[in-house]
Amino acid sequence: MGKEVAVEQLCKGTEEGKGSGKRMYDAEQVILKQVDHEDIDFINLCKELDLFLDQAIGGADKREKYKGFNQTDSMDYVVVAYVDHRPVGCGALRQYSEEEIEVKRVFVQEAFRGAHIGALILEDLVSRAKQMAYKRMILETGAFLSLSVRLYERYGFERIENYGAYKDMPESLCMGRGIGEDAVYYCTGRWIAADDLRELFASVGWLSAQYADRLVKAVQKAGTVISAWQDQKLIGLIEVLDDGELTAYIHYLLVHPQYQHRGIAGHMLDAVKLIYQDYLYLILLSEKQSTIPFYEKYDFALIEGSTPMQIRHL
């Protein structure tokens, strides 16, 4: 029997399939079915995943050392995604410690990639991990799996130090995020609902809150957007405009007043500095003198002799 999809929608949308011409699937079109680790559909999908990874990394011999970490009989929760009764993707969870659970075996068949199915699977895994009362989720992937990395980033996973058996494997990339009731997690993605943006911008008294529908479009066109969340509440945002090569401008940086002074703004700034570390200029406009010392802690310096100017239509 299929079970209902528990859609968390952390960033209230997805970039999968955007502009690709691919058909997008929603929760009504994809059946997520919980199965056991011996389910034939899950086994076959895992075989496809292993073949895909073997080809991506350049040969099965290069993945030999990983085989012991992906035994299907060690999984504590398994889900298979079906479209028109066809198994097209899967995902699993395995206990890592009393408070941490590991994401395993996330895979979508090539013909169905970029169609939101991977997102639905990951949303289900996050929801189930919360139901199981874990505090944190961790996973291992590879830097060469750029689409997978971007998916995980959209759902609040950030790079962490390689853990456990992956410590001495430089080709591995480990990620993690909190899922406890008070956990703050950070999503990299440009698809955030108007109501969430309106509430956040209004909380700090910015007039942009009156133009939430336009804010959605503006955020979608930005170079980089990192949002901070607690449970399903948007509590912070940083938006960067860039020319793709030399100059990046931090346009928005705001944190809901109830969550200020918790290091959230600094965390987002550090992430942006890392993303744009090869640019010649990373610029921002500090509208209040009182915020200058904060930005100076993150290596920003006043531009001597400059005068900010604008044409304002608000």
Next item on the list: Using a strict 4.0 Å threshold on nitrogen-to-oxygen distance, state whether Glu199 and Lys233 make a salt bridge.
Entry: yes
Item checked: Minimum heavy-atom distance between Ser172 and Arg159, given as atom pair plus value -> O-NH2, 4.4 Å
Check: What pair of heavy atoms forms the shortest contact from Gly223 to Asp242, and how long is it?
Finding: CA-OD2, 3.3 Å
Item checked: Reported CZ-to-SG distance for the pair Arg105 and Cys46, which is rounded to 0.5 angstrom -> 5.0 Å
Check: Between Glu161 and Lys167, is there a salt bridge with N-O shorter than 4.0 Å?
Finding: yes
Notebook entry, point to check: Side chains of Met75 and Leu93: does their closest heavy-atom pair fall under 4.5 Å?
Noted result: no
Margin query: If only side-chain N and O atoms count, and only distance matters, is there a donor-acceptor pair under 3.5 Å linking Tyr82 with Asp41?
Written below: yes
Checklist line | Arg94 and Glu102 ion-paired at < 4.0 Å | finding: yes
Item checked: Lys/Arg-Asp/Glu bridge criterion (N-O < 4.0 Å) met for Arg198, Asp195 -> yes
Notebook entry, point to check: Taking the six-membered ring of Tyr163, is the NZ or CZ of Arg136 close enough (under 6.0 Å from the centre) and on axis enough (within 45°)?
Noted result: no
Checklist line | Lys221 NZ to Leu241 CG distance, which is reported to the nearest 0.5 Å | finding: 12.0 Å
Next item on the list: With ring pair (Phe, Tyr, Trp, His ring centres under 6.0 Å) as the test, would you mind laying out the steps for Phe201 and Tyr252 before giving the verdict?
Entry: CA-CA 10 Å; Phe201 278 73; Tyr252 292 133; 5.0 Å; yes
Note to self: Over 60° means perpendicular and under 30° means parallel, so tell me whether His256 and Tyr259 are parallel, tilted or perpendicular.
What the structure shows: perpendicular
